[in-house]
Each structure stands twice: as structure tokens, then as C-alpha cells.
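Structure first, then comments.
Excluded from the calculations below are hydrogen atoms, water molecules and symmetry mates; all remaining heavy atoms, backbone and side chain alike, are included. The chain is numbered in sequence order, starting from 1.
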Amino acid sequence: MRGLRSATVLATAAALSVTAAPAALADSGRLTLGIRWHNTGATETVTLSCDPVGGTHPDAADACADLAAANGDITRIPPANAVCVAVYEPVTAYASGIWNGRSVYFSKVYTNDACANVATGGNVFHF
């Protein structure tokens, strides 16, 4: 039984290793994403890896898909189809790291964290 289980695991691993990563995510990168609240000074940060998908970001796969479609340029991600609540609690959303071998830096002030999330597609700053 143990030998059969090991053979099954090896066969599964071999099948997974020959599966190519989608071209849009191949060689993508690693980013640190953060939100800093101006009124309290509190900061929340996560890591995001897109090849393979991982890190501490809770929606890593969706965030990577948005970044891949925009070639790593957060400013090119279309806004989410959602409403931004008009509550003034300003935040700075920021990102830094590497995407396809080039340095990435993004920083922008938004009315609140929900607006930062909506303006950047609903996934990248959804944490």
C-alpha cells in the first residue's frame, strides 16, 4: 500500500511539473503591497508572488490575474464595478517589487481603503 501511495504521489507530481504556467503569469514577479491609514498611521502589508501564485495576500490568484492583464502596471487595472463609499478616511495604497524583471513602485492616496480597492480592480488591494 505504501509503495502504491508513493507511486501515485510521484506520478501526480510529474504530471503537475510538466503543466506549463499560463503565459500571462510566466516570469511575473513578487510585490509587497500595503495600505497606510493617514488618521491613525496604521499600516497593513502583504506579499504577493505570481509565479507561482502565493504570498500572504488572501486573494493572490485574482490579484495576479489583474496584474498580469495590466503587465504589472497597477494604474492600468480598470476599476471594479462597485460603489466607493463616500467616507473620508484617507489612505495611501502602495506597491513595490519586481514584475517581469523590472522594478515596480506605485503609491497613491485614496479617500478610504474601500475606494483604493475599487479603483484598482477590486483584487490587488483587497486584504
(request) Provide the closest heavy-atom pair for V118 versus A82 in the form atom of the first, atom of the second, distance. (result) CG1-O, 3.7 Å

(request) For atom CZ of R30, decide whether the heavy atoms of other residues, nucleotides or ligands shown that lie under 6.0 angstrom number more than 12. (result) no

(message) With a 4.5 Å cut-off on side-chain heavy atoms, are Y110 and T120 touching?
(response) yes

(request) Return each pair, listed once, that meets side chain to side chain donor-acceptor pair (under 3.5 Å) where at least one residue sits in residues 74-85; pairs must be two or more places apart or across chains. (result) D73-T75

(message) Suppose the criterion is side chain to side chain donor-acceptor pair (under 3.5 Å): which pairs have a residue in residues 87-96, not counting sequence neighbours?
(response) H38-T92

(request) To the nearest 0.5 Å, tell me how far S49 OG sits from I98 CD1. (result) 12.5 Å

(message) What's the separation between atom CH2 in W37 and atom OG1 in T43, rounded to the nearest 0.5 Å?
(response) 8.0 Å

(request) For A86, check side-chain contact (heavy atoms from CB on, under 4.5 Å) against everything at least two apart and list the hits. (result) none

(request) Specify the closest pair of heavy atoms between V53 and C64, including all atoms of both residues, with the distance to one decimal. (result) CG2-SG, 4.2 Å

(request) Would you sort out whether F125 and D113 count as a side chain to side chain contact (heavy atoms under 4.5 Å, CB included), showing the intermediate values? (result) CA-CA 8 Å; F125 290 102; D113 58 338; over 6 Å; no

(request) Give me the other members of the hydrophobic cluster that V87 sits in, counting Ile, Leu, Val, Met, Phe, Trp and Tyr linked by side-chain heavy atoms under 4.5 Å, directly or via other members. (result) V85

(message) Tell me which pairs pass side chain to side chain donor-acceptor pair (under 3.5 Å) where either residue lies in residues 55-70, with sequence neighbours left out.
(response) T47-T56, D59-H126, D66-N123

(request) Check G72 against V104 and note the closest heavy-atom contact, atom names and distance. (result) O-CG1, 4.1 Å

(request) Provide the closest heavy-atom pair for G122 versus A80 in the form atom of the first, atom of the second, distance. (result) N-CB, 3.9 Å

(request) Might you point out which heavy atoms bring N112 and C84 nearest each other, and give the distance in Å? (result) OD1-SG, 4.4 Å

(request) Sequence neighbours left out, what passes side-chain contact (heavy atoms from CB on, under 4.5 Å) with L67? Give chain and number order. (result) L31, L48, I74, I77, W99, V124

